[in-house]
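Presented below is the structure to which this report refers.
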Amino acid sequence: MSFDLENLVSDLDIRGAVLYYKGNVDSETITKALDLVERKLLVTREAPRLRKKVYNVLVESLQNLYHHSDRVPRGYHAARPDRFGLVVMEKIGRGYRITTCNFVSVVRVKELEEKLTRINRSTPEEIKELYKDILNHQEITEKGLGGLGLLDIARKTGHRIDFRFKKYDNLNTAFRLSAVVAPV
Amino acid sequence: MEPIIIEGTPKTPSIRFDAKDGVFEIKGRSIPENSVEFYKPLNEWLDQYMQGPLDKTVVNIRLEYFNTSSSKCILDVFKRLESIHRSKHDVEINWFYEEDDEDMLEAGEDYDSIIKVPFKMIEIVE
């Protein structure tokens, strides 16, 4: 099968990207990516408020890959089968778009789609209340806290989260998530 | 009771909790992949402190960034402080945020609405 996660980002400006990475996402990779982006944002003299928002959204996006990427499908080329993903950060107008792609098991697609649809239909106030409710009432697991990362991205960006699923085979689906951080 | 002092790293905050003066501080960045592991010794230390807290405990939170898994761990710290406050001991939480950092201010307000402990929002003007 010739499908690659890159196929999901073919409409993005990868060549001019501030950050582009495809591979296994471990703690060290995340540290390096954050360090690189932080330095680039300082060099380009972005306003502190935008810089902080971008950094926050990037942290949650990368850690989503780290905690929630399912194993790559059998036969898909990857150095290691776990925690495999792709991240692109591009300059869009005066803001930034952060896109991640990874594989999810088909059994998780419905729940994830419902979660994102609910977030996108909610008002900022509803997102805030939902965030506080999960924060206060759910137990944390090794993987985090019941979708709090997605809610945080929605809250910090103030925009709807763009997402797309593409069936890979009967067991695996490729998943793309994009959020735009605009200047405030 | 020995203080708990942890040096900060690019992903974890510096910690200084001292039972002698009742001043506790969390400072820096809290964005580790496994926050539970990082905050566990801190909460265990607080469980011990709760057995005989000082009349007044002051907590200074000076965070530049924190991720969502840390947000729950920080809430667990605050819930222990709330218990101390309920047992008729003074507890004050100072939540520092940088000028114009509305997201950090909002995060402090979230905690303030959940935790029944006096919260003071302090803007750091550069």
Side-chain angles (χ1 to χ4, degrees), chain A residues 25-32 34-35 38 47-68 83 124-125 127-158 181 184, chain B residues 8-13 28-40 42-43 62-82 95-117 119 123-126:
Chain A
V25 181
D26 56 19
S27 181
E28 199 184 330
T29 310
I30 293 175
T31 307
K32 281 183 183 167
L34 290 172
D35 186 48
E38 187 168 35
R49 207 165 159 195
L50 176 65
R51 222 166 57 215
K52 284 198 156 201
K53 271 189 189 293
V54 170
Y55 191 88
N56 268 312
V57 172
L58 187 61
V59 168
E60 293 304 328
S61 300
L62 288 167
Q63 293 186 343
N64 262 342
L65 288 181
Y66 179 90
H67 289 298
H68 302 294
R83 291 177 175 156
E125 196 51 44
I127 288 173
K128 183 179 175 174
E129 290 309 313
L130 188 58
Y131 182 97
K132 283 188 340 191
D133 186 58
I134 292 174
L135 178 65
N136 195 19
H137 296 112
Q138 280 196 19
E139 287 301 313
I140 193 166
T141 68
E142 271 180 20
K143 289 191 170 218
L145 200 65
L148 211 58
L150 293 175
L151 280 169
D152 193 53
I153 290 172
R155 213 173 156 187
K156 295 264 168 32
T157 60
V181 188
V184 278
Chain B
T9 73
K11 278 186 172 172
T12 55
R29 298 180 177 194
S30 185
I31 53 169
E33 282 75 38
N34 191 345
S35 304
V36 176
E37 194 179 287
F38 178 79
Y39 282 92
K40 194 170 172 233
L42 200 59
N43 280 320
R62 301 170 189 265
L63 286 170
E64 191 187 358
Y65 295 110
F66 64 97
N67 60 3
T68 47
S69 66
S70 295
S71 66
K72 179 67 174 176
C73 298
I74 293 166
L75 181 66
D76 288 342
V77 168
F78 289 162
K79 285 192 171 172
R80 282 166 171 81
L81 296 167
E82 188 179 40
W95 183 270
F96 292 84
Y97 65 98
E98 283 177 21
E99 191 181 11
D100 285 343
D101 191 349
E102 278 185 19
D103 291 331
M104 193 55 80
L105 171 62
E106 265 192 38
E109 287 169 351
D110 286 351
Y111 286 124
D112 188 20
S113 70
I114 295 171
I115 298 295
K116 305 286 174 278
V117 173
F119 243 84
E123 185 179 11
I124 307 165
V125 182
E126 285 190 6

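In the text below, chain A, chain B and the rest are named by the order of the sequence lines, each starting its count at 1.
Residues R29(B) and E38(A) are paired through a salt bridge, judged by an N-O separation under 4.0 Å between the basic side chain and the carboxylate. A salt bridge does not link D103(B) to K156(A): none of the charged side-chain nitrogens sits closer than 4.0 Å to a carboxylate oxygen.
Remark: E33(B) CD to H67(A) NE2 distance equals 6.0 Å, nearest 0.5 Å. Atom CG of residue N64(A) and atom OG1 of residue T68(B) lie 7.5 Å apart, to the nearest 0.5 angstrom. Rounding to the nearest 0.5 Å gives a distance of 4.0 Å between CZ of R155(A) and CG of D110(B). Here the straight-line distance linking atom NZ of K128(A) with atom CD of E109(B) works out to 6.0 Å at 0.5 Å rounding. A distance of 5.0 Å separates NZ in K11(B) from CD1 in I30(A), rounded to the nearest 0.5 Å. If you take CD1 on I31(B) and CD on E60(A), they are separated by 9.5 Å, rounding to the nearest 0.5 Å.
Taking E37(B), E106(B), E99(B) one by one and counting their heavy-atom pairs under 4.5 Å with chain A, the maximum is reached by E106(B).
Looking at L62(A), neither its backbone nor its side chain comes within 4.5 Å of chain B, counting heavy atoms on both sides. Y111(B) touches chain A through its side chain: at least one heavy atom from C-beta onward sits under 4.5 Å away, while N, CA, C and O do not.
Between E102(B) and the options R49(A), K53(A), K52(A), a salt bridge (charged side-chain N to carboxylate O under 4.0 Å, His left out) holds for only R49(A).
No donor-acceptor pair closer than 3.5 Å links the side chain of K132(A) to the backbone N or O of S113(B).
Between L135(A) and K72(B), the closest heavy-atom pair is O-NZ, 2.8 Å.
In this structure the side chain of D100(B) never reaches within 4.5 angstrom of the side chain of P48(A), judged on heavy atoms.
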